[in-house]
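The structure that follows is given in the form of structure tokens.
Below, chain A is the first sequence line, B the second, and so on; all start at residue 1. Computed from a predicted structure; not experimentally measured.
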Amino acid sequence: MHDIKWIRENPTAFEAAMSRRKLSGTAEKAILLDKARRDHVAGLQELQTQRNEASKAIGKAKASGDEAAAQAAIANVAKIKQAVQDGEEIERKLTDELNDFLLELPNIMFDDVPDGADEDDNVETHRVGTPPKFDFEPKQHFDIGEALGQMDFEAAAKMSGSRFVVLKKDLAQLERALANFMLDLHTQDYGREEVVVPLLVNANALIGTNQLPKFEADMFKTTDGKYLISTSEVSLTNLVRETTMPEADLPKRYTSYSNCFRSEAGSAGRDTRGMIRQHQFSKVEMVSIVHPDKSEAEQMLMLEAAEEVLKRLGLAYRVVKLCSGDTGFGAKRTFDIEVWLPGQNQYREISSVSTCGDFQARRMNSRFKPTEGKGAQYVHTLNGSGLAIGRTIVAILENYQTKDGSVIVPEILQSYMGGKTLIKAT
RNA sequence: GGAGAGGUGGCCGAGUGGUCGAAGGCGCACGCUUGGAAAGCGUGUAGGCGGUUUUCCCGUCUCGUGGGUUCGAAUCCCAUCCUCUCCUCCA
């Protein structure tokens, strides 16, 4: 959410920032709504002042036993009453209108975010690793998994519908191994605090991390009005909602392994086969809560940590800086990591590392008290996948496949797989 | 799920319709005291919004949250969330 005061004082800059998001007239509308509200509040407060003074006079008269004066004052103030009540109702309405409008405006992107329409305009920053060469035609992960008899889309479809999968045996263990490996890396090498989070959250939490109000269609909602998280960014970031912490508590670095649930509304027909796009998938997430001066460096550190996961798994990848058209609603800047998939013969997103500035902090009311000086400031929040586990399984299957349909277990995972070195085709 | 109790400032805690944004205590800050420290004494110590100005000040809203009653609500009513106790159920 944006600071209305800032919009008021920098309408041109704000309008320019929103135009990069393909929006126009936002500053004008926000200022209009704000002006209407403030003009109204000024008048309302005048009425409230009158009422309060009159009421105090009544109190005084009663206290001194002057009943006649009290009755006269009561008659006097009764006239104001209705006007105050009506005014309060209008104030609520005007405040809601302004807030509802602001909640639907996306974050301001950094200047270094390249202009562009969609993912084709993203800018590659670097590549790491060499895609493996095969002396046979590499298969896609679902063919490998199904041939192994350890990946079952049919069974999942019978009980849950499309976009679900059942993993068995070594692939089930691989999921668990990956989670442990990633969590160990983030906690031991990057000082993150491991957290187990709620998967079901209320609407306010989702407003905080900007899934709501705009993207409700992407969420699964329960019958009692809660939502399944689409990423544990939601739960991790909301750990600091409605708090004011001492500056010394920053940075807070969290990591969590959780399942994620997405309705995938609007992505019908895309990635319909395989595990790339599922309604339920698991992910190890990183979230950082930092001092505003530190968020720039933090994003680089987070990106480095996510890359380290791929490096240790021996997977080739590239990093792209998302262009304006591909940068998410709440982000000021996002780097995606795309892993090489031999079966698809292309790089596919496996991690996304975003910095949000104080955008989410305002929505959540998360602040810190500076050690020096007074007042409270909004924290900065960042989130990144480290990594999406389903897609990591996909990448391992495709990159480490052998001609006979077996899959080599990456060295770093062997100790997490009970010493297993090969997922063997039977 | 059933029955009951409760949510007040950084913390504890008083306040059941009238100058209450809120006694008292703790904590914290500053000052006095001291060779220094402790104790003691004094002063100060919530936030949001708006106005003015950005040193001072004024208004308004906020006693879990949202409504309502009333000239006036921390105090009364309704709804809701959360916490605790007992019962029930349960991995």
Nearest whole Å is fine: how far is B/C81 P from A/L200 CG? 15 Å
Kindly assign one of parallel, tilted or perpendicular to the pair A/H279 and A/F164, based on the angle between their ring planes and the thresholds 30° and 60°. tilted
Below 4.0 Å: OP1/OP2 of B/U70 and any side-chain N or O of A/R51: no
Nucleotide nearest A/V77 when distance is taken to its side chain, options B/C71, B/G47, B/G59: B/C71
B/C28: pairing nucleotide in any strand, Watson-Crick or G-U under 3.5 angstrom: B/G44
Does the structure show a Watson-Crick or G-U wobble partner for B/A79, both distances under 3.5 Å? Name it, or say none. B/U65
Donor-acceptor pair, distance only, cut-off 3.5 Å: does the side chain of A/Q299 make one with the backbone of A/V353? yes
Look at A/Q85 and B/U70 and indicate whether a side-chain polar atom (N or O) is within less than 4.0 Å of OP1 or OP2. no
Any idea which of B/C61, B/G47, B/C49 is nearest the A/Q48 side chain? B/C61
Nearest-angstrom distance, C1' atom, B/G47 to B/G10: 13 Å
Main chain of A/E216, side chain of A/Q211: is a donor-acceptor contact present, judged purely on distance under 3.5 Å? no
A/T49 side-chain proximity, nearest of B/G59, B/C49, B/G72: B/G59
Quick one: is B/U60 close enough that its OP1 or OP2 comes under 4.0 Å of any side-chain N or O from A/R38? no
Provide, to the nearest angstrom, the distance between the CZ atom belonging to A/R362 and the C1' atom belonging to B/G48. 13 Å
What interatomic distance, in whole Å, is found between C1' of B/G66 and the corresponding atom of B/A73? 15 Å
Presence of donor-acceptor pair under 3.5 Å, side chain of A/Q45 and base of B/G50: no
Within the 4.0 Å heavy-atom criterion, would you say A/R8 contacts the bases, only the backbone, or no part of the nucleic acid? sugar-phosphate
Side chain of A/R363, backbone of A/L103: donor and acceptor closer than 3.5 Å? yes
Between B/C61 and A/N52, is there an OP1 or OP2 to side-chain N/O distance shorter than 4.0 Å? yes
Measure from CG on A/N204 to P on B/C81 and round the result to the nearest Å. 13 Å
Between B/U19 and B/G4, how far apart are the P atoms? Round to whole Å, please. 33 Å
Between CZ of A/R37 and C1' of B/C49 the distance, given in whole Å, is 6 Å
Distance, nearest 0.5 Å, that separates CG of A/L303 from CD of A/E308: 11.5 Å
Does B/C20 have a Watson-Crick or wobble partner in any strand here, with both distances under 3.5 angstrom, and which is it? none
Residues forming a ring pair (Phe, Tyr, Trp, His ring centres under 6.0 Å) with A/F368, sequence neighbours excluded: A/H291
RNA chain B: A/I74 or A/E89, which has the more 5' nearest nucleotide? A/E89
Nucleotide of B/C49, B/G68, B/G59 approaching A/R92 most closely (side-chain heavy atoms): B/G68
C1' gap between B/G51 and B/U65, integer Å: 29 Å
Side chain of A/S55 only, please: which of B/G47, B/G59, B/G72 is the nearest? B/G72
Please confirm whether the ring centroid of A/F215 lies under 6.0 Å from the ring centroid of A/F329. yes
Atom-to-atom span, CD of A/E9 to P of B/U54 - whole angstrom: 15 Å
Is a donor on one side and an acceptor on the other found under 3.5 Å between the side chain of A/R21 and the backbone of A/N107? yes
Please report, rounded to the nearest Å, how far the C1' atom of B/G59 is from the CG atom of A/L44. 11 Å
Distance in angstrom units between A/N365 CG and B/U65 C1', rounded: 14 Å
Applying the Watson-Crick and G-U wobble criteria at under 3.5 Å, what pairs with B/A37? Answer none if nothing qualifies. none
More 5' along RNA chain B: A/K369 or A/K226, using each one's nearest nucleotide? A/K369
In whole angstrom, give me the gap between the P atoms of B/A79 and B/G27. 43 Å
Roughly how many Å is it from CD in A/E88 to C1' in B/G68, rounded to a whole number? 12 Å
Using Watson-Crick or G-U wobble geometry with both distances below 3.5 Å, tell me the partner of B/G50, or none. B/C58
Contact class for A/E53 (heavy atom, under 4.0 Å): base, sugar-phosphate, or nothing? nothing
Could you please name the partner base of B/A3, counting Watson-Crick and G-U wobble pairs only when both distances are under 3.5 Å? B/U85
Same-atom distance (C1') from B/G59 to B/C77, integer angstrom: 30 Å
Nearest-angstrom distance, P atom, B/A5 to B/C58: 43 Å
Please name the nucleotide paired to B/G15 by Watson-Crick or G-U wobble geometry with both distances under 3.5 Å, or report none. B/U8
Taking B/A22 as the reference, what is the distance to B/C63 when you measure between their P atoms (whole Å, please)? 13 Å
According to the Watson-Crick and G-U wobble definitions, with both distances under 3.5 Å, which nucleotide is paired to B/A74? none
